[in-house]
Amino acid sequence: MVAGTLAAGALALSLAGCGASVEPIERLGRKTTQEPSQTPSASASAPASSPAPAPGGASDEAYKKWGLTAPVQYAPKPAQKPQLPKADPGKVPVIDRIPLPAGEKIVFLTFDDGSEKDPEFLKMAADLKLPISMFLTDSVASSDYGHFEKLRDNGSASTVNNHTLTHPNLRTLSFEAQKKEICGQQDKLEQRFGQRPPLFRPPFGNYNDDTLRAASECGVSSILLWRVSMQINNFQYAQGSALQPGDIVLAHFRGPSELKGATEIQMTTRMLQRIQEQGYKIGRLEDYL
């Protein structure tokens, strides 16, 4: 589905490298069908079943504390969900941008992996009430799943989703090996956080037909890709040179060792500044799915 206009941008990125990006490189993925811990806490429970709060709700002064010159603007929950792509039987749909009505400038925040667990970032996300869709990899996040539980439960309606057990390039694996990576993390996250994640993001954006079938058999409802990735200081775009309505923004839970000395908070502040500079609001991704 990520063909046409996206293809040129993705190809340009793959040829030119990622510039200011950091390892392991998350790159914009297109469908390609040919190419050769600790024990989770049994006491963790799912969040209350009451309706999820609307994004935002930060105090008027919170933005100043975190280096912003204006409050972050949030989009309310839509009255009607957009029409999203349908999948073939036995597979899951792949989504890389949310279709929005004309004139709605909204983007969505996603954070991957889970190697960095900065307690100051927990304060920032709670103060600003950032609605973050987390995609966690067990091999790096499981050393402190409690950190991400706090992020989930800070009142921002953030969510925990699947990013495999060990972060492999799924296109290099057999169907059974892919299923082990996806279902294994589904099981771990369900046990630790109290519910089976509906969303899955393949590492590096790399997937094939086996991925779509394996994800379906593991109980995933959608595969989420992206059109924009946050580097250390600026965005990297798959298409054009600016945000577009409905963009899913990729960022990472990473610290100074992977961000060339920058902190997770500094990276996030710059990301929010770029969103504000372009006149966009932030929506809660799950409200549109």
Side-chain angles (χ1 to χ4, degrees), residues 2 18 21-33 35-40 44 87 90-96 109-117 132-149 151-152 158-226 229 248-254 258 285-286 289:
V2 193
C18 289
S21 65
V22 291
E23 297 294 344
I25 296 170
E26 291 280 9
R27 58 184 176 80
L28 294 141
R30 291 186 294 156
K31 178 178 176 181
T32 301
T33 57
E35 183 182 343
S37 131
Q38 293 180 352
T39 302
K91 300 179 182 179
V92 296
V94 181
I95 300 168
D96 67 347
L109 304 183
T110 66
F111 278 66
D112 282 11
D113 299 346
S115 59
E116 179 71 1
K117 305 167 186 70
I132 296 171
S133 299
M134 297 175 263
F135 291 86
L136 301 182
T137 298
D138 185 71
S139 59
V140 292
S142 62
S143 62
D144 187 5
Y145 271 139
H147 175 88
F148 304 102
E149 184 177 18
L151 182 55
R152 182 197 68 176
S158 294
T159 60
V160 171
N161 298 288
N162 187 336
H163 198 43
T164 71
L165 289 171
T166 65
H167 207 274
N169 178 354
L170 293 177
R171 288 205 307 254
T172 67
L173 303 182
S174 67
F175 170 78
E176 290 301 329
Q178 291 195 44
K179 188 174 177 180
K180 182 178 180 181
E181 282 284 340
I182 300 170
C183 287
Q185 182 64 336
Q186 288 286 89
D187 294 341
K188 284 181 176 287
L189 294 177
E190 181 179 24
Q191 183 178 357
R192 180 59 181 82
F193 294 94
Q195 67 181 53
R196 206 163 181 82
L199 305 180
F200 170 66
R201 173 170 283 161
F204 316 107
N206 288 343
Y207 69 98
N208 56 21
D209 280 344
D210 283 345
T211 316
L212 305 185
R213 293 193 298 115
S216 178
E217 293 189 14
C218 295
V220 169
S221 61
S222 300
I223 285 180
L224 266 292
L225 300 182
W226 64 93
S229 62
I248 298 170
V249 178
L250 167 68
H252 291 86
F253 294 109
R254 290 176 176 165
E258 298 174 290
L285 179 62
E286 287 76 5
L289 299 176

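Only heavy atoms go into these numbers, but all of them, side chains included; no hydrogens, no water, no symmetry mates. If you're wondering where the values come from, they're calculated on a predicted model, not measured in any experiment.
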(request) Please list, chain by chain and in numerical order, all residues satisfying salt bridge (Lys or Arg N to Asp or Glu O under 4.0 Å) with Arg196, sequence neighbours excluded. (result) Asp187, Glu190

(request) Only counting residues at least two apart or in another chain, list the ones meeting ring-ring contact (aromatic ring centres under 6.0 Å, His included) with Phe111. (result) Phe121, Phe253

(request) Look only at the side chain of Thr137 and the backbone of Thr166, and say whether a donor-acceptor pair between them is shorter than 3.5 Å. (result) no

(request) Quick one: pull up CZ in Arg192 and CD in Glu149 and give me the separation to the nearest 0.5 Å. (result) 4.5 Å

(message) Test of understanding: with side chain to side chain donor-acceptor pair (under 3.5 Å), list the residues that count as partners of Ser158, not counting sequence neighbours.
(response) Ser156

(request) Could you tell me which residues satisfy side chain to side chain donor-acceptor pair (under 3.5 Å) with Ser216, sequence neighbours excluded, listed by chain and number? (result) none

(message) List the residues meeting side-chain contact (heavy atoms from CB on, under 4.5 Å) with Glu217, not counting sequence neighbours, and say none if there are none.
(response) Phe175, Lys179

(message) Show the nearest heavy-atom pair for residues Ala215 and Ile182, with the distance to one decimal.
(response) N-CD1, 4.1 Å

(message) Donor-acceptor check, side chain of His163 to backbone of Asp113, threshold 3.5 angstrom: yes or no?
(response) no

(request) Scan residues 179-220 for pairs that pass disulfide bond (SG atoms under 2.5 Å apart), counting only residues two or more places apart or in two chains. (result) Cys183-Cys218

(request) Could you please spell out the steps behind the side-chain contact (heavy atoms from CB on, under 4.5 Å) verdict for Lys180 and Leu173? (result) CA-CA 10 Å; Lys180 182 178 180 181; Leu173 303 182; over 6 Å; no

(request) For residues Met134 and Leu151, report the shortest heavy-atom separation together with the two atoms involved. (result) SD-CD2, 3.5 Å

(message) Taking Leu225's backbone N and O only, do any of them form a donor-acceptor pair with Arg201's side chain (distance below 3.5 Å, no angle check)?
(response) yes

(request) Taking side chain to side chain donor-acceptor pair (under 3.5 Å) as the test, write out the residues that go with Glu116, two or more places apart. (result) none

(request) Using side chain to side chain donor-acceptor pair (under 3.5 Å) as the criterion, list what pairs up with Gln185, not counting sequence neighbours. (result) Tyr145

(request) Locate the shortest heavy-atom distance separating Val94 from Tyr207; write the atom from each residue and the value. (result) CG1-OH, 3.7 Å

(request) List in chain and number order the residues that pass side-chain contact (heavy atoms from CB on, under 4.5 Å) with Ser222, two or more places apart in sequence or in another chain; answer none if no residue qualifies. (result) Pro93, Ile95, Leu199, Leu224

(message) Can you list everything that forms a side-chain contact (heavy atoms from CB on, under 4.5 Å) with Pro198? Sequence neighbours excluded, please.
(response) Asn161, Ser221

(request) Using side-chain contact (heavy atoms from CB on, under 4.5 Å) as the criterion, list what pairs up with Lys117, not counting sequence neighbours. (result) Ser143, Asp144, His147, Phe148

(request) Over all heavy atoms of both residues, which pair between Gly184 and Leu165 is shortest? Give the atoms and the distance, please. (result) C-CD2, 3.6 Å

